[in-house]
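Everything on this sheet refers to the single structure shown next.
Scope of the values below: all heavy atoms of this structure, side chains included, with no hydrogens, waters or symmetry mates.
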Amino acid sequence: MELSQQLLQQLINGISLGSIYALIALGYTMIYGIIKLINFAHGDIYMVGAYVGFFAITQAQVSILPALLISMVVTGLLGMLVEKLAYKPLRHAPRISILITAIGVSFFLEYASMYFVSPTPRTFPEVIDNVAFHVGDLVINGQQLLILGITVVLMAILTYIVQKTKLGKAMRAASFDTETAQLMGVNADQVISFTFVIGSSLAAVAGVLVGVYYNSIDPLMGIMPGLKAFVAAVLGGIGILPGAVVGGLVLGVIEALVSGFISSTFRDAAAFAILILVLLFKPSGLFGKNTNEKV
Amino acid sequence: MNFSKKSMRLAGALLGTMLLGGVFAGCGGGGNEAKSDEIKIGANFEMTGNVANYGNATLEGLKLAIKETNDAGGINGKKIKLIEVDNKSEASESVNAATKLISDDKVKLIVGPAVTANVIAESQVATDSKVPVLAPDATSPAVTVENGQVKDFIFRSCFIDPQQGDVMAKFAVDNLKAKTAVIYIDNSSDYSKSLGQVFKEKFEAAGGTVVMQEAFLQKDQDFKAALTKIKTANADVIFIPAYYEEVGKIVKQARELGITQPLLGTDGWDDFKVADIAGADALNNTFFSTHYSDKDESVKAFIDAYNKEYKHAPNVFAALGYDAGKLLVDAIKRAGGDDPVKIKDALEATKDLQVGTGIITMDKNHNPIKQAVILENKGGDRVMVAKIMPEAE
């Protein structure tokens, strides 16, 4: 394979990996944008989404679209429940308490799933035909395009909701100043709940698509993608929706290039080095505006 | 497999300890009077915890071998009594289990546990009490040899990791006529790293060239970047010594990227999950070494007996547990009694013994010299393509 061909193939690999990070990062960034919480349980919500989709397909015998919807609904409700039980009582507590709670929720979801569905990895049935397109030596497969497409469409829908709808206006108001928004008649609790529902159902979509794409799911599958999505969200500017998508894609491409041209063992080191560099030199991320943080 | 074998060894050791404990208790008198027509063997296995699958399967195989012996009249008129202890898949519990088997139950030998770490954990207490340990499935060399010194009382009944690297290198050169190879290892596993190293040495000694070495980590999902790089090397074979979960994904993604070369692996591939994840088509033209083939005529007797006893087919761990049982029965017979030191000497002298999955001769490092089989995945089935005897160390 020519060097240029190899480079192109690595770009394709990177974009397909990156679109998964982007999909998870969307939920991350949205929740952060509204209540300034880094929801470390987000990766595990994504895992639960994958399992719900898996059981919908294998037990309820539904096809991929209903499975996605079922998974979005169930996982969205789970997200809401987590918010009500674990985060809401801490809304006025110091931010560190709620962050630690998020870590606790993350472990809880991981090990509860391990108990209920066993740690053995499950294999997804092949519900989407995997067509491979060959362009010269390059290989692109249908599922990669599908994941990228879904990510971009969901980003567009979310941006529309946040920027153009009444609910979005309430979200932005709550994000800007929860108490003032409440005084203006915004039901902040409802808005926050809704944010968790949307964020979690996005994670569910990512979980099911990853299950279909990689063909294997297990209770700890959310840890690494969760962390990578966090890096992606920070890279793009945490709280900014298009930033999460661009951050995810950039991270995926960087990982593929590092694996392909330097060494696959440096890949994760490179990803987290990016996190450190962004935090050092441009904490607001690629798309972020420098604003004074209100403390 | 490394881990599992280790666990199994530990479990076996506990089991052995328990049995031995029983024997001693009987001799010593008191409330726990031993019957002179019994030989107590301890089974120290992972019956619960994260590698319980390995421990329980090995124990089932072991029990079958003991039952067959007892049904046939025992050893010189004495029945074998197996005392089972659960080590909960933890090294510290493995030590406790072994201690209980040795001091309370007075067993004459411990079989298990399954995974290497748990066997290593109990080896000091067993050595101090001069009770032999037989590990059925711990494949790490460190189980029987420490700092170049053979551990007097510790034995195993399966082959060791490096032998598989050796076997696959020979197979690549002799059968597949490979001149170049890529090695793709799991950097988070000692099993994978040591196999990769041995394969490189043996493949290059046989005139081949390793043109590229790449690595991944356990739990990785996406291997395409490294595989794209591996594709450019255009080697004759790709050696992937790893566990089934990652192997399944690697094989699937490699074929998606258009890598058509033979992919080679080791006993970590010996799980039907690989076919589930990768799909039968992607698995064509892949080869791996393992302990036995269920289509081998000489293994049929064991498989039939096992099916009859448990109503399900044995897996590789059950087969190794059965082998350990056969090996210990033979040693006790030749020891002419149940003195642990004599049993140890007899284990050392094991030669050309037919067990469930092959013929075993114990080498000076307490590792059996035992053939490996190479299976090819072909059209959703597994075909035995070679039986290779590793060279003795």
Side-chain angles (χ1 to χ4, degrees), chain A residues 1-3 5-14 16-18 20-21 114 118-126 130 132 134 137-144 210-211 213-218 220-221 223-225 228 252-268, chain B residues 49-54 89 182-188 192-193 212-234 243-260 271-283:
Chain A
M1 217 192 280
E2 299 282 322
L3 189 67
Q5 292 263 319
Q6 201 188 331
L7 185 68
L8 278 174
Q9 182 69 53
Q10 293 295 15
L11 283 176
I12 294 168
N13 295 336
S16 81
L17 178 64
I20 291 162
Y21 294 152
M114 222 182 242
S118 94
T120 320
R122 307 290 178 112
T123 354
F124 245 79
E126 200 174 318
N130 201 3
H134 293 267
D137 272 349
L138 298 179
V139 187
I140 305 173
N141 92 36
Q143 293 175 350
Q144 291 176 327
V210 161
Y213 181 49
Y214 293 119
N215 210 4
S216 161
I217 57 173
D218 69 87
L220 299 183
M221 67 185 273
I223 300 177
M224 210 23 122
K228 295 282 178 64
V253 169
I254 290 174
E255 283 194 6
L257 295 180
V258 168
S259 299
F261 295 101
I262 303 173
S263 162
S264 41
T265 42
F266 288 146
R267 185 202 56 203
D268 289 350
Chain B
N50 60 348
V51 288
N53 283 353
Y54 303 149
S89 306
V182 171
I183 299 177
Y184 191 30
I185 59 165
D186 175 351
N187 227 4
S188 45
S192 190
K193 283 193 278 194
M212 187 186 283
Q213 292 196 68
E214 283 295 316
F216 59 93
L217 294 174
Q218 211 179 351
K219 293 269 155 217
D220 275 0
Q221 288 264 39
D222 198 291
F223 302 90
K224 285 200 168 157
L227 287 170
T228 300
K229 191 174 170 192
I230 287 171
K231 189 181 175 189
T232 62
N234 209 10
Y243 296 115
Y244 60 85
E245 200 187 338
E246 284 80 17
V247 166
K249 293 176 197 160
I250 292 171
V251 171
K252 179 175 187 273
Q253 295 175 26
R255 297 303 191 215
E256 280 174 7
L257 282 173
I259 295 177
T260 51
D271 192 297
F272 288 100
K273 277 275 171 207
V274 173
D276 283 353
I277 298 172
D281 288 345
L283 261 187

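A donor-acceptor pair is defined here as one N or O able to donate and one able to accept, closer than 3.5 Å; no such pair exists between the side chain of Ser216(A) and the backbone of Ile277(B). With Lys273(B) contributing its side chain and Pro121(A) its backbone, the two residues share a donor-acceptor pair below 3.5 Å. Between the side chain of Gln10(A) and the backbone N or O of Ala225(B) there is at least one donor-acceptor pair closer than 3.5 Å.
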Exercise. Begin from the C-alpha positions of Tyr214(A) and Lys252(B) and carry the test side-chain contact (heavy atoms from CB on, under 4.5 Å) through to its verdict.
Key: CA-CA 9 Å; Tyr214(A) 293 119; Lys252(B) 179 175 187 273; 6.0 Å; no

Practice problem: Let me see the working for Lys219(B) and Met224(A) under side-chain contact (heavy atoms from CB on, under 4.5 Å), right down to the final yes or no. | Solution: CA-CA 9 Å; Lys219(B) 293 269 155 217; Met224(A) 210 23 122; over 6 Å; no

Exercise. Please assess Gln221(B) against Asn215(A) for the test side-chain contact (heavy atoms from CB on, under 4.5 Å), listing each intermediate value before the final yes or no.
Key: CA-CA 10 Å; Gln221(B) 288 264 39; Asn215(A) 210 4; over 6 Å; no

Quiz item: Under the side-chain contact (heavy atoms from CB on, under 4.5 Å) criterion, do Leu257(B) and Asn13(A) qualify, and how do the steps go?
Solution: CA-CA 10 Å; Leu257(B) 282 173; Asn13(A) 295 336; 4.2 Å; yes

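Here NZ of Lys249(B) is found 12.5 Å from OH of Tyr213(A). Values are rounded to the nearest 0.5 Å. Here CZ of Arg267(A) is found 6.0 Å from CG of Leu217(B). Values are rounded to the nearest 0.5 Å. The OG atom of Ser259(A) sits 13.5 Å away from atom NZ of Lys224(B), with the distance rounded to the nearest 0.5 Å.
For Asn234(B), no part sits under 4.5 Å from any heavy atom of chain A, backbone or side chain. With a 4.5 angstrom heavy-atom cutoff, Phe124(A) does not touch chain B via any of its atoms. For Val210(A), the part lying under 4.5 angstrom from a heavy atom of chain B is the side chain only. Residue contact with chain B, scored on non-hydrogen atoms closer than 4.5 Å, is absent for Ile217(A).
Ion pair Asp276(B)/Arg122(A) not flagged as a salt bridge, since none of the NZ, NE, NH1 or NH2 atoms sits closer than 4.0 Å to an Asp/Glu carboxylate oxygen.
The candidate from Asp268(A), Asp218(A), Leu17(A) with the greatest count of non-hydrogen atom pairs under 4.5 Å with chain B is Asp218(A).
Of the N and O atoms on the side chains of Gln9(A) and Thr228(B), not one donor lies less than 3.5 Å from an acceptor on the other residue.
Within 6.0 Å of CZ in Phe266(A) there are 12 or fewer heavy atoms belonging to other residues, nucleotides or ligands.
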